[in-house]
Amino acid sequence: MVTRQDLQNAKKIVIKVGTSVLTRMDGTIALGRVGHLVEEICDLIQEGKQVALVSSGSTWIGRRKLKQKQELINSTTVSGLKNEKRAFAACGQSNLMSLYDILFSQKNVLCSQILLTGHDFETFENRESVKETLEHMMSLGVVPIINENDVVSVKSGRNLTDDHRFKVFNGKIDKSTKWSTGSVSTSPPTLSTTLLDQNELPSSEMSTTSKIASGDIFSNNDALASIVASELEADLLILLTDVDGLFEKPPGSEGPNNVIPTFVLDQQVATKYECGKEGSIGGTGGMMAKIDSALFAVSHSVNAVVISSGKIQSPISRVINGEEIGTLFVATTTQEENDENVEDSEKEVDIAPQQQTAKMAESARAASRQLALLTTEKRSEILRTLAQELLNRKGEIINENEKDLIKAKEMNVEGPLIKRLKLTSDKIETLSKGILQISEMSEPIGNVVRQSNISETLFLQQITVPIGVLLIIFESRPDVLPQIAALTIKTGNGVLMKGGKEATYSNRILHKIITDSITKVTGNNLISNSVGLVEDRKEISELLKMNEFIDLVIPRGSGSLVKYIQQNTKIPVLGHAEGICHVYIDKDADLEKAKKIVIDAKTDYPAACNSVETLLINKNFKYTKELLLEVTQTTEIQLFANQKTGNELKNLGVAVDLSEDDDDKLFTTEYGNCGLTVHFVENDNEAISHINHYGSHHTDCIVSECEETTQKFLKSIDSACVFYNCSTRFADGFRFGLGAEVGISTGRIHARGPVGMEGLLTTKWILTSKDCDLVKEYSENGCKRYLH
């Protein structure tokens, strides 16, 4: 369980500042207090921590700006109130952001405004987009300043002229309140067991935001802060308000009345409570909103939440330094974790989470060396056993996969991603056949790259050897896990794999089948540690620091993920940040070939990194209209162009959307769907220059019937894969005959393009002597001579 002392180790922090902290009673901004809070946040950034700020206050600030419009202020109708708040928010947001921008810039820290609504959390894809944006900004040291977009999402609530602070003792919970109805109870529950109703407690099987985003709770920034912290899997959420925390009893009661220092979430005993419905002046929350948000956060991946006064001196620093201010909310261990703890205690194992992560990496290192020493036949036997076990335990795999599918549907994951997640009998059989093919491939370890006699008695060889231990982070497809494991077993590498959280159950059963197969063949449980499964995203940040155990990181995912990893590790990273692939239609291209290639490259799998994103067309190509009419009228492809190209296409009668982005953004857009940028170029040289400038050096293709133009293109394009008259979708390890791939690299060092077995190998030099050779014997006066 997290303690106050642990808070100083928090790396990813979300801070919510309430209206009552930002403003004075008269509605003016408390400049000194806000300035000091900004200074505290800047100090955290300088320490290498990542901070997101959820800020209230825009509505209240806007209200003051419009105060002279007395007829608006006095409106009491529900519809009028909604419109009032929207007007207030619209006026206040710009002022609030300007203030933050000035204050952060004085400390040389960048900040950026993020306005969110419930719609941004309704689907898995929306949440992933928000998360990736925030994580990327935070990794760059930028402070996202987040607010609910009250201009469009304000809900009905209290009249802003009401000067009440809170209905429940200025934010202090009355233990005599009956939690379900608000009436007096003769035997109130104790605070240690007074949490959310069991039926209301968001299950880990549900979407993190399914309850909040439904609308009832997502009506205040406390709820928004808890959602953001949960999606980011933050180490710490700090809710700063105008009260000192959660109190033992109502004010005015006899005897001492202290702030409860620690509130432990008991997930087994839970009862709904009632704690007032009003927030502070200008706010929409209240103490109940803060408690609900704190409980939601600690039950959804946030390590700790602290509710504290933001009006005291240095509240943020004091919380993080472990000072006992405010109320600390933490979660107890689940029953499953308790069971694991019992097992561990019986084995006399007591390892902290960071030590466990280090132990996993260290074990993978030791096991990989033993794996590499196995004979070719033994490693191939492991793969044959694995292939058969996948078939033998097919029913077990499908049952576990079904749990992931149910969870994904609750998270509103879209159809294409559900399809990727689903494991069918046919998929498992194909997977088994692929692993058998890898088992039958020639031995990759110990192959001689070059050899020579460097003297009469010295013989030099360069041979292939495993890289060591790989950390591979991949997307939600669970079938990737055994494919990667097969490649690493064949090449004698250790591997730690982190799959998508959507495939948790599938990954677990597949990992168990892999390790069981290794143990069955080798009779050695230690060698099975060569394939490790990482389940907690927080372990990744620790593993990225372990360059003494991990030799290569291969991220398979979004561009922001790859960039984050590249910027946060000293370990070499093999991968690509974007997949900006091009198809260039030369003036001498064949129309029918062009149609087929463009449609296949875009529609075969639009979300793939090797899907075409930009179509370049030579202005002298005679069949542009025919090509694009076929593309747009027979498929779901939607064309985007800049003003110049767009107007020319419209003159041809081609449906096209004019992009509002500048060319730099338009030409580097990775749609991930059926969107396609189209652009005219004057000649081959302009096409080549465009691709080398705007492309991601992944895969680019020319469609042409001119040999001279084609050869010029193939030689000039600086990409990992350059194709002629074929779809960009061929950029794949399986299609290249590599058996499978662990990823695609756009770098120029080591492996490039689809990375199969050869990309998981390095070399070492073996020098042997027939005699006893010494360097001094090869000096000018020595008795021996080099042959080179």
Side-chain angles (χ1 to χ4, degrees), residues 123-125 127-128 202-208 210 300-301 334 336 340 382-438 472-489 495-520 528 531-537 539 556-558 605 607-608 732 734 740-743:
T123 69
F124 171 77
E125 288 72 24
R127 295 195 300 276
E128 284 294 296
S203 166
S204 60
E205 302 301 316
M206 295 173 59
S207 158
T208 303
S210 60
H300 284 81
S301 305
T334 64
E336 181 182 2
E340 291 174 356
I382 292 173
L383 297 183
R384 290 194 295 271
T385 302
L386 171 58
Q388 186 58 49
E389 285 296 298
L390 289 172
L391 299 178
N392 294 344
R393 300 170 71 172
K394 187 190 303 182
E396 191 177 348
I397 295 169
I398 292 174
N399 287 340
E400 293 301 300
N401 180 245
E402 186 62 29
K403 296 178 184 179
D404 288 322
L405 292 173
I406 293 171
K407 181 176 65 174
K409 289 171 184 175
E410 289 176 347
M411 295 171 68
N412 297 321
V413 174
E414 292 185 354
L417 292 179
I418 291 284
K419 186 176 179 181
R420 296 175 69 188
L421 178 61
K422 187 172 184 177
L423 290 175
T424 63
S425 179
D426 288 344
K427 274 189 178 181
I428 295 171
E429 289 178 9
T430 301
L431 186 58
S432 176
K433 290 176 183 177
I435 292 173
L436 278 177
Q437 290 176 357
I438 294 173
I472 301 180
I473 305 164
F474 58 93
E475 65 277 24
S476 58
R477 286 174 50 199
D479 53 326
V480 167
L481 191 145
Q483 289 176 350
I484 292 173
L487 286 173
T488 57
I489 290 169
V495 63
L496 302 175
M497 292 183 281
K498 171 66 175 76
K501 62 182 179 181
E502 306 78 34
T504 298
Y505 292 101
S506 305
N507 288 337
R508 283 178 186 170
I509 185 59
L510 290 170
H511 176 254
K512 188 174 191 317
I513 292 173
I514 293 166
T515 55
D516 286 350
S517 298
I518 295 173
T519 302
K520 183 176 181 179
S528 66
V531 180
L533 180 63
V534 180
E535 293 193 319
D536 191 340
R537 284 180 60 212
E539 292 180 274
R556 296 175 48 141
S558 65
Y605 184 26
D732 174 83
F734 175 77
E741 69 178 33
V742 294

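- Here Ile382 contributes atom CD1 and Ile514 contributes atom CD1; the two are 11.5 Å apart, rounded to the nearest 0.5 Å.
- Counting non-hydrogen atoms of neighbouring residues, nucleotides and ligands closer than 6.0 angstrom, the NZ atom of Lys422 reaches no more than 12 such neighbours.
- Side-chain contact between His511 and Glu535 is absent, with no heavy atoms from C-beta onward closer than 4.5 Å.
- Taking CD1 of Ile418 as the reference point, atom NZ of Lys409 lies at 6.0 Å (rounded to 0.5 Å).
- Looking only at side-chain heavy atoms (C-beta outward), Arg556 and Ile473 stay at 4.5 Å or farther from each other.
- Taking 4.5 Å as the limit, some side-chain heavy atom of Ile513 sits within range of a side-chain heavy atom of Ile397.
- Leu431 and Pro482 make their closest contact through CD2-CG, 3.3 Å (heavy atoms, listed as atom of the first residue, atom of the second, distance).
- A heavy-atom distance below 4.5 Å is not found between the side chains of Pro478 and Asp404.
- Separation of atoms CD1 (Ile435) and OG (Ser517) is listed at 8.5 Å; rounding is to 0.5 Å.
- Applying the salt bridge (Lys or Arg N to Asp or Glu O under 4.0 Å) test to pairs two or more places apart or on separate chains, those with a residue in residues 509-520 are Glu389-Lys520, Arg393-Asp516, Lys512-Asp516.
- A salt bridge does not link Glu410 with Lys407: every distance from a Lys NZ or Arg NE/NH1/NH2 to an Asp or Glu carboxylate oxygen is 4.0 Å or more.
- Taking all atoms of both residues into account, the shortest heavy-atom contact from Tyr505 to Glu400 is CB-O, 3.4 Å.
- Each of Ile484, Asn507, Thr488, Val534 was evaluated against Met497; a single residue qualifies, Ile484, per the side-chain contact (heavy atoms from CB on, under 4.5 Å) test.
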### Task
Take Lys403 and Arg508 through the side-chain contact (heavy atoms from CB on, under 4.5 Å) test and state the conclusion after the steps.
CA-CA 12 Å; Lys403 296 178 184 179; Arg508 283 178 186 170; over 6 Å; no
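- Residues Val531 and Thr515 come closest through the heavy atom pair O-CG2, 3.9 Å.
- The nearest pair of heavy atoms linking Ile398 to Ser425 is CD1-N, 4.1 Å.
- Here the closest non-hydrogen pair linking Gln483 and Asp479 is CG-O, 3.4 Å.
- Residues Leu383 and Ala486 share a closest heavy-atom pair of CD2-CA, 3.7 Å.
- Interatomic distance, CG of Leu390 versus NZ of Lys433, reported as 13.5 Å (0.5 Å rounding).
- Leu481 is listed as a side-chain neighbour of Leu533, based on a closest heavy-atom distance under 4.5 Å.
- The shortest distance between side-chain heavy atoms of Val480 and Ile472 does not fall below 4.5 Å.
- Residues Leu423 and Leu510 are in side-chain contact: their nearest non-hydrogen atoms beyond the backbone lie under 4.5 Å apart.
- Side-chain atoms of Ser432 do not come within 3.5 Å of backbone N or O of Ile428 as any donor-acceptor pair.
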